[in-house]
Amino acid sequence: MSQREFLLYDTMTRQVKPLQPLEPGHLKFYSCGPTVYSYAHIGNFRTFLTADLICRVARALGWRVTYVSNITDVGHLTEDDVADATGEDKMQRALQSKEGEQFANVWELADYYAEAFKADWRKLNLNEPMLWPKATQHMREQIVAVEKLIETGHAYVTPSAVYFRLSSFPEYGKLSGNLNKDSLQVGVRDVVVDDSKEHPGDFALWKRDEKHLMQWFSPWGWGFPGWHIECSVMAMAYLGETIDLHAGGEDLVFPHHESEIAQSECLTGHTFANHWIHTRFLQVDGEKMSKRTGNWYTVRDLVDQQGANPLALRYALMTVPYGKTLNFTMQTLRDATTAVERYAECERLAELALKKSPSGQSATAFAEELERLYEETLDALCNDLNTSVALAKGFEGTKVILRDATHLTHEQGQVARQWLDRINDLLGILRSQYADAATGDRGSAEESAALALMDARQKAKSEKDFGLADRLRSEIEAMGFEVRDTPEGPVLRRLSGLN
RNA sequence: GGCGUCGUACCCAAGUGGUCAAGGGAAAGGUCUGCAAAACCUUCAUUCGGCGGUUCGAAUCCGCCCGGCGCCUCCA
């Protein structure tokens, strides 16, 4: 068991502090997942990558991790303050959009995007949570929770909804710093005030709506739950009344997490989560990612359409620590691609060395150097998930391996192999744990054609017909591959296709 | 109006008081190669948005100013 502390910034106390599981060595972790009304974008995945890294570090420290990440498959009105049905529902809007026409109903739409989401998740080599609870599967619990809040005076019923009574929870605002409830309203545009609300900031726990595409029966009539209640209920159902760590994107601080705290703590009477972590939004080309400006990237855009190596995308998303804005550019992705390929080269060399017969020479110095770098990588991650430094340390390790390149002994190969495995456990950028996320499975016919050309080039080379050899190489490159000549013969690599 | 965050070389970026600044990309020179690619070696910020201040000492602390970005409203 490691003596290290795992330091993480805590949004609640606004300081970096050690992550301390209530039960030592067992982290109970809830990470807010996506609403599945369309494909998740790379910004979403930066948040989920943060959660993934936390799990990896915790396991590297020898902890057991109970990791739950929800999937929100219920539509919620886009304007939560609007009491009538004038607000447009995300799910409903998605169904009516061009892409949505293929779905028979919202349920199918949600299922489709939930599956697409999981596929992208695997592409990025993210650890799967132990559970992916869905909001629609926890309707009973949500209704019970709302009932209890009404009974205890923390919520009240109006003709159109059930609202949480902010005045019943004086600490509302402690996470976001929006402690002045009246100031909440000042900057808000277009607030439609529901006269039946006691306070404009009161948020909905249940919406009555008999026309809604997704509705359930409740003591307050047919309708659907408020956005915030699902996470309170699911987190507590699987992780207990007080969880160790709760994560999400920075936008969730307010109102989502603030409201979760209010509901949960009113339900149980004690602290909902001991540590809060929020991942900053990423930008693309220096601007906020938005569909309107066309700088909106999904994993499938980059990987399936543009041929990016998914592990390179993962690497790119790790170049800047989660707490700072990451400005994603194609250059970032290209840089990441060369880094990931460098690791691949290390693996090739390690395999090669392992095929040699033992040299009988000690690899101790080599091993110590790599061990030190592994420790420094882990140190960096334990220091508020400093991925920039972690990647730099890992990169130095590749330098150690590549320095000796083909001269690596069998023993060093063994050490290198082991180091690469451990670094991969930590960073996840060498190999995917998912077979279905392999990078080069598209166009394998092309690949065999390129391999044939590579053999022909090799033959031309041995016959000293360099003109032909160069022409063949150009052809291979035109097909999206490159040839790397090594002492053991040529190796074919797929080019990223990024320009 | 409230809350917050950032400004380090051509680009990305670490670094929060004391070897006057990690790492990557790009670029340049060299080694290797039939030539390339990959890899290796070398070079590449006396300087950290600006101006003041605190200090023996600051990129790092304080103040002001300039500039970027974000949240407070569906959003990771």
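What you are looking at is a predicted structure, and each value in this text was computed from that prediction instead of being measured. Labels below follow one simple rule: chain letters A, B, ... track the order of the sequence lines, proteins then strands, and each chain is numbered from 1.
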For this session: Give a yes/no answer on whether the side chain of A:Asn327 brings an N or O atom under 4.0 Å of OP1 or OP2 in B:G68.
Result: no

Exercise. Is the distance from OP1 or OP2 of B:A39 to the nearest side-chain N or O of A:Arg493 less than 4.0 Å?
Worked result: no

Taking any heavy-atom pair under 4.0 Å as a contact, classify [X]: base, sugar-phosphate, or nothing.
X: A:Pro255; answer: nothing
X: A:Val491; answer: nothing
X: A:Phe395; answer: sugar-phosphate
X: A:Arg14; answer: sugar-phosphate

Problem set entry | Nearest heavy-atom neighbours spanning A:Asn125 and A:Arg431 | ND2-O, 3.1 Å

For this session: Write down the atom of A:Met479, the atom of A:Leu453, and the distance for their closest heavy-atom approach.
Result: SD-CD1, 3.6 Å

Could you give the distance separating [M] and [N] at their [atom1] atoms, to the nearest angstrom?
N: B:A37; M: B:U31; atom1: C1'; answer: 15 Å
N: B:A58; M: B:G52; atom1: C1'; answer: 14 Å
N: B:A28; M: B:A13; atom1: P; answer: 24 Å
N: B:G30; M: B:G67; atom1: C1'; answer: 43 Å
N: B:C3; M: B:C64; atom1: P; answer: 14 Å
N: B:G50; M: B:C40; atom1: C1'; answer: 43 Å
N: B:U47; M: B:A22; atom1: C1'; answer: 15 Å
N: B:C44; M: B:A26; atom1: C1'; answer: 11 Å

Of all the nucleotides listed ([options]), which has the minimum atom distance to the side chain of [X]?
X: A:Arg280; options: B:U5, B:A76, B:G15; result: B:U5
X: A:Val389; options: B:A13, B:C75, B:A22; result: B:A22
X: A:Phe254; options: B:U73, B:G34, B:G7; result: B:U73
X: A:Ala392; options: B:G23, B:G15, B:A36; result: B:G23
X: A:Phe281; options: B:C75, B:A76, B:A37; result: B:A76
X: A:Arg403; options: B:C41, B:C35, B:G23; result: B:C41
X: A:Arg484; options: B:A38, B:C35, B:G23; result: B:A38
X: A:Asn44; options: B:G7, B:C75, B:A22; result: B:C75
X: A:Lys324; options: B:G24, B:A13, B:A37; result: B:A13
X: A:Trp227; options: B:G24, B:C35, B:C75; result: B:C75

[X] (side chain) and [N] (base): donor-acceptor pair under 3.5 Å:
X: A:Thr47; N: B:A76; result: yes
X: A:Asp485; N: B:A38; result: no
X: A:Arg473; N: B:A36; result: yes
X: A:His41; N: B:A76; result: yes
X: A:Asp251; N: B:G70; result: no

Any side-chain donor-acceptor pair under 3.5 Å between [X] and [Y]?
X: A:His41; Y: A:Asn44; answer: yes
X: A:Asp379; Y: A:Thr377; answer: no
X: A:Asp209; Y: A:Gln215; answer: no

Exercise. How far apart are the C-alpha atoms of A:Thr329 and A:Thr332, what are their side-chain angles, what is the distance that settles it, and do they pass the side-chain hydrogen bond (donor to acceptor under 3.5 Å, both in side chains) test?
Worked result: CA-CA 5 Å; A:Thr329 64; A:Thr332 313; 2.8 Å; yes

Exercise. Considering every strand shown, what is the Watson-Crick or G-U wobble mate of B:G17 when both distances are under 3.5 Å?
Worked result: none

Exercise. Can you tell me the Watson-Crick or wobble partner of B:C51, both distances under 3.5 angstrom?
Worked result: B:G63

Please report, rounded to the nearest Å, how far the [atom2] atom of [N] is from the [atom1] atom of [X].
X: A:Leu175; N: B:C72; atom1: CG; atom2: P; value: 14 Å
X: A:Leu373; N: B:G24; atom1: CG; atom2: P; value: 12 Å
X: A:Lys393; N: B:G24; atom1: NZ; atom2: P; value: 11 Å
X: A:Leu492; N: B:A38; atom1: CG; atom2: C1'; value: 13 Å
X: A:Lys399; N: B:A39; atom1: NZ; atom2: C1'; value: 13 Å
X: A:His407; N: B:C40; atom1: NE2; atom2: C1'; value: 10 Å
X: A:Leu402; N: B:C40; atom1: CG; atom2: C1'; value: 9 Å
X: A:Glu287; N: B:G70; atom1: CD; atom2: C1'; value: 14 Å

Exercise. Is A:Arg342 paired with A:Glu347 through a side-chain N to carboxylate O contact shorter than 4.0 Å?
Worked result: no

Problem set entry | Contact nearer the 5' end of RNA chain B, comparing A:Glu396 with A:Phe45 | A:Glu396

Exercise. When you match A:Asn383 and A:Arg457 each to their closest nucleotide on RNA chain B, which lands nearer the 5' end?
Worked result: A:Asn383

Problem set entry | Single hit among A:Lys399, A:Lys393, A:Arg403 for salt bridge (charged side-chain N to carboxylate O under 4.0 Å, His left out) with A:Glu369 | A:Arg403

